[in-house]
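Inspection log for the structure reproduced underneath, given as structure tokens.
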Amino acid sequence: MARMKFLCDAERCIECNGCVTACKNENEVPWGVNRRRVVTINDGVVGAEKSISVACMHCSDAPCMAVCPVDCFYKTEDGVVLHDKDLCIGCGYCFYACPFGAPQFPQAGAFGLRGKMDKCTFCAGGPEADRSEAEFQKYGRNRLSEGKLPACAEMCSTKALLGGDGDVVADIYRERVLRRGKGSEVWGWGTAYGPGRPGATPPAAAPSGRKS
Amino acid sequence: MRSLLASVMTLALLAVLAGCGEREQVTEFKRGKYQGKPDSQPWANAPAPAELRGGTWKTGDRTSWEESIKNRQLAQHEHKRIYQ
């Protein structure tokens, strides 16, 4: 197993916010906290509008882990970055360090007190007994322990948002792009998506008129 | 005269070498160690009840859990999901 990753295909995302809703519902995320959100550039410009769904990217070398003064972050064996809310002091350093704005802080009280950090868990819960009420209250559903993938990716209607083992996700994306008739001319393509499995026939090579 | 020259050369050499002894002026980053509670692994659990439509694997067997998750991932691929 490589590492659990998300990939959002900007050619497919239709800004329906289904992933955001699925995440909110599945994990009963508090008001004011969005573990996932859809970012749109060139909004309203015909033909130039692109959307991608963004949440914690579960970085291989996560800056949030590096800056946390109480070291409440850890990485699971399958590469998911999680944190212990009992240890978090809500300082907000991780928010400044994260290039994706993934860490979220619930605000409460008359003075907008900043609560403990909340972020996407890749639907992997946290450091409480798996599938327990305590885990659900603090971190949300633990779908990985049920043999499922994150709700956002599984609910995506156009399958723009892919989640799971980085190798499998890259394989799916590679086949899609090849079917679109693109790939090798894209800068960094070989580095990012590799040559594929040895001996595998890309679907684009198969005689078919279907589009991706 | 020669000893004076040698002394001057030695001093000059020491002065030049003194630059090599300069200490690092940037903070040395030391990665912290996780201080929180331990977490269990997803494959350590028994598979979820059938009505939850989760995966099936042998409890504690990482390989079978990974296979189960991989099959689930491939359902995201419409070429395998729809056209078969």
Side-chain angles (χ1 to χ4, degrees), chain A residues 1-2 4 7 61 65-78 80 82-88 124-131 135 139 142-149 153-154 156 158-165 167-169 171-173 175-176 179 203 206 208 210 212, chain B residues 15-84:
Chain A
M1 170 77 71
M4 292 296 186
L7 189 149
D61 188 9
M65 292 179 82
V67 299
C68 180
V70 291
D71 289 322
C72 74
F73 288 91
Y74 65 103
K75 190 187 282 280
T76 66
E77 283 185 40
D78 34 334
V80 181
L82 298 174
H83 72 297
D84 185 344
K85 279 193 180 178
D86 292 343
L87 211 59
C88 175
E128 294 287 347
D130 285 351
R131 305 181 202 160
E135 185 184 51
Y139 307 102
N142 191 337
R143 290 172 60 91
L144 283 190
S145 76
E146 295 172 5
K148 298 175 181 174
L149 292 166
E154 293 210 308
C156 181
T158 60
K159 291 287 169 248
L161 184 62
L162 302 170
D165 179 3
D167 288 344
V168 179
V169 165
D171 279 346
I172 296 172
Y173 187 67
E175 289 188 15
R176 268 187 200 175
R179 187 169 277 258
S208 170
R210 287 188 295 262
S212 171
Chain B
V16 169
L17 284 173
C20 303
E22 193 179 359
R23 288 187 177 183
E24 282 287 329
Q25 293 183 17
V26 291
T27 309
E28 189 185 342
F29 174 71
K30 286 182 182 168
R31 188 172 289 279
K33 195 167 180 293
Y34 174 56
Q35 301 292 323
K37 289 180 281 189
D39 193 9
S40 56
Q41 306 298 345
W43 49 87
N45 301 278
E51 62 265 26
L52 288 179
R53 297 182 183 181
T56 50
W57 67 92
K58 198 176 152 197
T59 306
D61 181 12
R62 181 177 181 173
T63 313
S64 61
W65 178 82
E66 285 176 358
E67 273 304 309
S68 170
I69 280 281
K70 188 173 179 181
N71 286 334
R72 187 108 177 173
Q73 286 175 63
L74 292 175
Q76 298 178 110
H77 193 348
E78 58 284 323
H79 302 311
K80 294 184 173 65
R81 187 164 55 104
I82 298 170
Y83 300 132
Q84 280 186 347

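Naming convention: chains lettered A, B, ... in sequence-line order (proteins, then strands); numbering from 1 in each chain. All figures in this text were calculated on a predicted structure; none of them were measured in a lab.
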Report task. Please report the shortest heavy-atom distance between A/Asp71 and B/Lys33, naming the atom on each side. Result -> CB-O, 3.2 Å
Query - pair B/Lys37-A/Glu128: side-chain heavy atoms closer than 4.5 Å - result: yes
Query raised in the report: Is it true that a side-chain atom of A/Lys148 and a backbone atom of B/Leu52 form a donor plus acceptor pair closer than 3.5 Å?
Result: yes
Query raised in the report: When only pairs under 4.5 Å are counted, which of B/Ala44, B/Pro49, B/Ser40, B/Ser68 shares the most heavy-atom pairs with chain A?
Result: B/Ser40
Report task. Can you see which heavy atom on A/Asp84 is nearest to which on B/Tyr34, and at what distance? Result -> CB-OH, 3.5 Å
Requested in this report: Kindly compute the distance separating CG (A/Asp171) from NE2 (B/His77), expressed to the nearest 0.5 Å.
Outcome: 8.0 Å
Report task. Can you see which heavy atom on B/Asn45 is nearest to which on A/Ser145, and at what distance? Result -> ND2-CB, 3.5 Å
Report task. Pick one of side chain, backbone, both or neither for A/Phe73, based on which atoms fall under 4.5 Å of a heavy atom in chain B. Result -> backbone
Requested in this report: Could you tell me which of A/Pro69, A/Cys72, A/Gly125, A/Ala129 has the largest number of non-hydrogen atom pairs under 4.5 Å with chain B?
Outcome: A/Cys72
Report task. State which residues pass ring-ring contact (aromatic ring centres under 6.0 Å, His included) with A/Tyr139; sequence neighbours excluded, sorted by chain then number. Result -> none
**Report entry** Pick from B/Gln41, B/Gln35, B/Arg53, B/Arg72 with the largest number of heavy-atom pairs that fall under 4.5 Å of chain A
**Finding:** B/Arg72
Query - B/Pro42 vs A/Asp78 side-chain heavy atoms within contact, under 4.5 Å - result: yes
Report task. Please say whether more than 12 non-hydrogen atoms of neighbouring residues, nucleotides or ligands are located less than 6.0 Å from CD in B/Glu51. Result -> yes
Query raised in the report: Where does A/Leu161 contact chain B at under 4.5 Å (heavy atoms): side chain, backbone, both or neither?
Result: backbone
Query raised in the report: Excluding sequence neighbours, so at least two apart, what forms side-chain contact (heavy atoms from CB on, under 4.5 Å) with B/Pro47?
Result: B/Trp57, B/Thr59
**Report entry** Heavy-atom pair of closest approach, residues B/Gln76 and A/Ala153
**Finding:** OE1-CB, 3.6 Å
Query raised in the report: Is A/Leu149 close to B/Gln73 at the side-chain level, that is, under 4.5 Å between some pair of heavy atoms?
Result: yes
Report summary line: In short, B/Pro38 meets A/Pro127 closest at the heavy-atom pair O-CB, 4.1 Å
Query raised in the report: Between B/Ile69 and A/Leu144, is any pair of side-chain heavy atoms under 4.5 Å apart?
Result: yes
